[in-house]
Undergrad: 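Quick one: structure below, then a few questions.
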Amino acid sequence: MRKAYVDKDNCTSCNQCADNLPKYFMMDEDDVSQTHISGESINDAMIPDEDEKKVQKEMDECPGECIHWKKH
């Protein structure tokens with residue numbers, strides 16, 4: 001398992017990640033993306049191994065290149 005987060009300063013508010021993978025991404029009150037787990041662990045979401053590829057796909061396709069894995 002790895003943690004994912006969004007660098008909110010670089011988010012373009014395109015909603016792509018939240019539309020494609022709402023299980024782990026949602027828009028905040030400023031219309032900026034953030035990671036989550038069932039509305040908790042805001043921008044500090046632990047992604048299960050079986051879903052890492054799905055999150056990586058959103059990272060790779062993000063126009064703002066703002067979704068990252070947290071370094072330990």
Side-chain angles (χ1 to χ4, degrees):
M1 291 177 67
R2 298 163 75 185
K3 285 188 177 183
Y5 73 99
V6 176
D7 177 354
K8 293 184 170 214
D9 291 336
N10 291 320
C11 179
T12 63
S13 300
C14 72
N15 284 17
Q16 180 174 296
C17 60
D19 288 344
N20 292 341
L21 201 53
K23 182 176 181 178
Y24 299 117
F25 296 96
M26 65 184 186
M27 304 309 282
D28 68 11
E29 62 279 353
D30 296 320
D31 202 31
V32 175
S33 179
Q34 57 193 4
T35 61
H36 74 104
I37 299 291
S38 301
E40 304 289 322
S41 301
I42 302 301
N43 223 21
D44 194 38
M46 186 69 78
I47 308 300
D49 294 341
E50 64 269 14
D51 287 337
E52 283 186 10
K53 286 183 181 179
K54 293 176 187 175
V55 172
Q56 184 64 55
K57 182 177 186 223
E58 294 308 315
M59 289 177 178
D60 294 343
E61 295 179 359
C62 175
E65 299 179 358
C66 63
I67 307 168
H68 306 285
W69 295 114
K70 282 199 169 179
K71 302 215 188 311
H72 300 289

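For this chain, numbers begin at 1 and follow the sequence in order.
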Undergrad: Which pair of heavy atoms, one from H36 and one from I42, lies closest together, and at what distance?
TA: CB-CD1, 3.9 Å
Undergrad: Please answer: with hydrophobic residues joined when any side-chain heavy atoms are less than 4.5 Å apart, are M26 and V32 in the same cluster?
TA: no
Undergrad: For the CG atom of N10 and the CD atom of E65, what is their distance to the nearest 0.5 Å?
TA: 9.0 Å
Undergrad: Do the non-hydrogen side-chain atoms of I47 and R2 ever get within less than 4.5 Å of each other?
TA: no
Undergrad: May I ask you to list the residues sharing a hydrophobic cluster with M27, side-chain cutoff 4.5 Å, ordered by chain and number?
TA: none
Undergrad: From Y24 OH over to S38 OG, what is the distance, rounded to the nearest 0.5 angstrom?
TA: 8.5 Å
Undergrad: Applying side chain to side chain contact (heavy atoms under 4.5 Å, CB included), can you list everything that pairs with D60, at least two apart in sequence or on another chain?
TA: Q56
Undergrad: How many angstroms lie between atom CG of N20 and atom SG of C62, to the nearest 0.5 angstrom?
TA: 11.0 Å
Undergrad: Can you run down the salt bridge (Lys or Arg N to Asp or Glu O under 4.0 Å) pairs that involve residues 25-39, sequence neighbours left out, and say none if there aren't any?
TA: K8-D28
Undergrad: Considering all heavy atoms of both residues, which atom of C11 and which atom of C66 are nearest to each other, and what is their separation?
TA: CA-SG, 3.6 Å
Undergrad: Is it the case that one hydrophobic cluster holds both I37 and V55, taking links as side-chain heavy atoms less than 4.5 Å apart, direct or via other members?
TA: yes
Undergrad: Residues sharing Y5's hydrophobic cluster, by side-chain heavy-atom contacts under 4.5 Å among ILVMFWY, directly or via others?
TA: none
Undergrad: Test of understanding: with side chain to side chain contact (heavy atoms under 4.5 Å, CB included), list the residues that count as partners of P63, not counting sequence neighbours.
TA: T12, C14, Q16
Undergrad: Hydrophobic clusters here meaning ILVMFWY residues chained together by side-chain heavy-atom distances under 4.5 Å, can you tell me if F25 and W69 are in one?
TA: yes
Undergrad: Mind jotting down which residue pairs meet the salt bridge (Lys or Arg N to Asp or Glu O under 4.0 Å) criterion with at least one end in residues 40-51? Sequence neighbours excluded, please.
TA: K3-D44, K23-D51, D44-K70, D51-K54
